[in-house]
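Notes follow once the structure below has been shown.
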2 protein chains.
Amino acid sequence: MARKTGSHSDITGPKVREAALALFAQHGFAAVSMRQIAAEVGVQAGALYLYTKDKQSLLYDLMQAHMDDLLAAWEVEPKGDGALAHLEAFARFHIRFHLERPDAVFIAYMELRNLSDENFAAIEALRRRYEGELEAILRAGQAEGVITAPDIRLTTMALIAMLTGVNTWYREGGRLSRDAVADIYWDMVRGAVGA
Amino acid sequence: MARKTGSHSDITGPKVREAALALFAQHGFAAVSMRQIAAEVGVQAGALYLYTKDKQSLLYDLMQAHMDDLLAAWEVEPKGDGALAHLEAFARFHIRFHLERPDAVFIAYMELRNLSDENFAAIEALRRRYEGELEAILRAGQAEGVITAPDIRLTTMALIAMLTGVNTWYREGGRLSRDAVADIYWDMVRGAVGA
DNA sequence: TTGATTTGAACAAGCGTTCAGTTATCAAGG
DNA sequence: CCTTGATAACTGAACGCTTGTTCAAATCAA
């Protein structure tokens with residue numbers, strides 16, 4: 001039976017994932033060794049295998065948890081009435097959510113090629129589900145006649161790239177607050193879809 | 001005196017860079033070994049060191065060559081009259097140039113963290129020069145009163161992210177031709193800057 | 001005492017890089 | 001046209017180190 005209090009595994013487990021997340025984001029999955037992760041946690045390399053099957057699973061678990069968080073958070077996000085309000089909610093949500101966890105976002109975009117085939121397929125499916133959310137909003141907007149876009153699928157990809165791009169340059173404590181950035185990006189999104 | 005014809009180094013040198021480009025793009029810099037590159041070229045690992053100082057320089061040379069190509073190609077690109085024509089030229093050029101060399105683009109975006117500090121600074125400087133080109137166009141457009149953007153620097157980053165994003169989903173022989181994609185993206189760019 | 005947790009050493013394999021030695025290629029001389 | 005000598009191009013083995021992973025033994029908390 002698992003120990004309730006004072007159990008180290010309840011502490012070490014999360015610490016392993018946190019350390020792996022930070023190190024993978026900084027140096028890249030392939031460039032980080034299990035010994036580096038272990039050192040960050042304060043443990044010997046062998047102990048990591050009590051918390052992960054292998055290095056590949058460690059990466060996959062991080063990415064999967066991130067995508068699950070993303071989809072779950074969007075599901076409960078207030079969305080307002082009408083396609084345009086829906087679109088604004090999505091843009092603001094996307095920027096906020098991604099700026100709150102830059103390491104996980106970085107890994108989810110950069111380390112796809114280090115996943116095994118099955119793991120890659122699983123993550124890709126989650127990503128497509130998220131893209132599908134935006135795509136549905138745009139189609140609704142088209143049906144309502146509040147947006148004009150010649151190719152919804154293309155617009156979806158363009159908007160996601162633009163919004164995710166914030167992570168590449170935004171620095172905490174910089175010129176603009178997150179809300180100010182979201183305001184400006186929402187304006188650009190609206191313009192791009194002709195609304 | 002260097003031999004003129006039949007010299008293998010004139011062939012092997014480029015082959016090394018081509019193989020490294022393809023392998024780095026597919027698996028990532030850190031995940032590719034010198035022996036893998038050598039095998040792709042059809043040579044033993046030691047022979048690579050006749051063509052590159054070390055693995056790090058190989059990466060840097062690829063990225064530098066790519067950025068130089070980019071800046072040189074934009075310099076000679078016909079740009080039309082007025083800021084709006086200029087902006088359209090940039091958008092179409094960016095998409096075309098990037099779609100023509102997806103491997104180099106991928107590496108230039110994904111492997112920055114595997115560069116040494118000096119090499120990173122050098123590549124970043126080139127990237128900023130390119131971003132500066134777009135930024136200057138947007139400022140001119142603002143001065144001419146043909147675009148409306150509350151923050152030019154932000155708009156620059158947003159547009160570049162959106163345009164570069166094409167590389168993540170475009171597949172040769174897909175639904176849309178490159179020109180069709182460029183048409184649609186140019187429409188979105190124009191909308192995003194309120195023109 | 002029990003069982004979860006961690007150590008520390010070991011494993012075979014692979015890493016980037018170097019270098020003495022071998023092979024291939026061309027220019028010059030006969 | 002053939003041989004020779006020079007050198008560019010490359011091999012193959014070796015260097016010291018690091019890699020992911022396993023596991024018997026030690027340590028720890030309850």
Side-chain angles (χ1 to χ4, degrees), chain A residues 1-21 23-24 26-63 107 111 113-119, chain B residues 1-21 23-24 26-63 107 111 113-119:
Chain A
M1 184 179 166
R3 279 177 273 172
K4 300 297 170 2
T5 54
S7 171
H8 284 189
S9 78
D10 293 351
I11 297 171
T12 309
K15 266 171 91 173
V16 168
R17 284 186 287 277
E18 283 162 29
L21 189 81
L23 287 169
F24 288 167
Q26 190 166 16
H27 307 294
F29 174 76
V32 172
S33 72
M34 295 300 269
R35 283 170 181 82
Q36 282 175 64
I37 299 171
E40 189 73 23
V41 174
V43 105
Q44 293 298 314
L48 297 181
Y49 291 84
L50 296 173
Y51 305 99
T52 184
K53 191 170 136 293
D54 52 22
K55 199 188 174 193
Q56 162 77 205
S57 303
L58 191 47
L59 175 62
Y60 173 69
D61 289 346
L62 291 173
M63 295 177 78
I107 291 172
E111 304 296 355
R113 61 186 165 188
N114 286 305
L115 290 173
S116 69
D117 288 349
E118 308 115 279
N119 288 347
Chain B
M1 183 179 169
R3 280 176 273 176
K4 300 295 165 11
T5 55
S7 172
H8 282 190
S9 78
D10 294 351
I11 298 170
T12 309
K15 266 171 87 173
V16 168
R17 284 184 289 274
E18 283 162 29
L21 190 80
L23 286 170
F24 288 166
Q26 191 166 14
H27 304 109
F29 173 75
V32 171
S33 72
M34 295 299 270
R35 283 169 179 83
Q36 281 176 63
I37 298 171
E40 189 72 23
V41 174
V43 105
Q44 293 298 315
L48 297 181
Y49 291 84
L50 296 172
Y51 305 99
T52 184
K53 192 173 136 296
D54 51 22
K55 199 190 175 192
Q56 161 77 202
S57 303
L58 190 47
L59 175 61
Y60 174 69
D61 289 346
L62 291 173
M63 293 176 80
I107 290 171
E111 305 294 356
R113 60 184 165 189
N114 287 306
L115 291 173
S116 69
D117 288 349
E118 308 115 280
N119 287 348

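Letters A, B, ... are given to chains in the order of the sequence lines, protein chains preceding strands, and every chain is numbered from 1.
One finds the OH atom of B/Y51 at 15.0 Å from the CG atom of B/D61 (value rounded to the nearest 0.5 Å). To the nearest 0.5 angstrom, B/Q26 atom CD is 10.0 Å from A/R113 atom CZ. Considering CG of A/L21 and CD of A/E18, their distance stands at 8.5 Å, rounded to 0.5 Å.
Regarding B/L48, its CG atom lies at a distance of 12 Å from the C1' atom of D/dT11, rounded to whole Å. Rounded to whole Å, atom P of C/dA4 lies 11 Å from atom CG of A/L50. Per the geometry, NZ belonging to A/K55 stands 15 Å off P belonging to D/dT22, to the nearest Å. Spacing between atom CD of B/Q36 and atom C1' of C/dG16 amounts to 13 Å, rounded to whole angstrom units. Distance B/K53 NZ to C/dT17 P: 8 Å, rounded to the nearest Å. Residue B/L23 contributes atom CG, which lies 12 Å from atom P of C/dC15 at whole-angstrom precision. A/Q56 places its CD atom 18 Å from the P atom of D/dT19, with the value rounded to the nearest Å. D/dA13 atom C1' lies 10 Å from atom CD of B/Q44, rounded to whole Å.
For A/K53 (side chain) and A/L58 (main-chain N/O), no donor-acceptor pair under 3.5 Å exists by modelled atom type.
Counting non-hydrogen atoms under 4.0 angstrom, A/V32 reaches the backbone sugars and phosphates but no base.
In this structure, of D/dT21, D/dT11, C/dT6, it is D/dT21 that holds the atom nearest to the side chain of A/M34. Checking D/dT21, C/dT17, C/dT6 against every side-chain atom of A/D54, the shortest atom distance belongs to D/dT21.
Note on A/Y49: every side-chain N or O is 4.0 Å or more away from OP1 and OP2 of D/dC23. Note on A/Y51: a side-chain N or O is less than 4.0 Å away from OP1 or OP2 of C/dT6. Between A/T12 and the phosphate of C/dT5, there is no side-chain N or O to OP1/OP2 separation shorter than 4.0 Å.
No side-chain heavy atom of A/T52 sits under 4.5 Å from any side-chain heavy atom of A/V16. For the pair B/L59 and B/I107, the minimum side-chain heavy-atom distance is below 4.5 Å.
By the 4.0 Å N-to-carboxylate-O rule, A/R17 lies too far from A/E40 to be salt-bridged with it.
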Each nucleotide N or O in nucleotides 9-14 of chain C that has a protein N or O under 3.5 Å away: list the pair and distance.
| from | atom 1 | to | atom 2 | distance (Å) |
| --- | --- | --- | --- | --- |
| C/dA10 | N6 | A/R35 | NH2 | 3.4 |

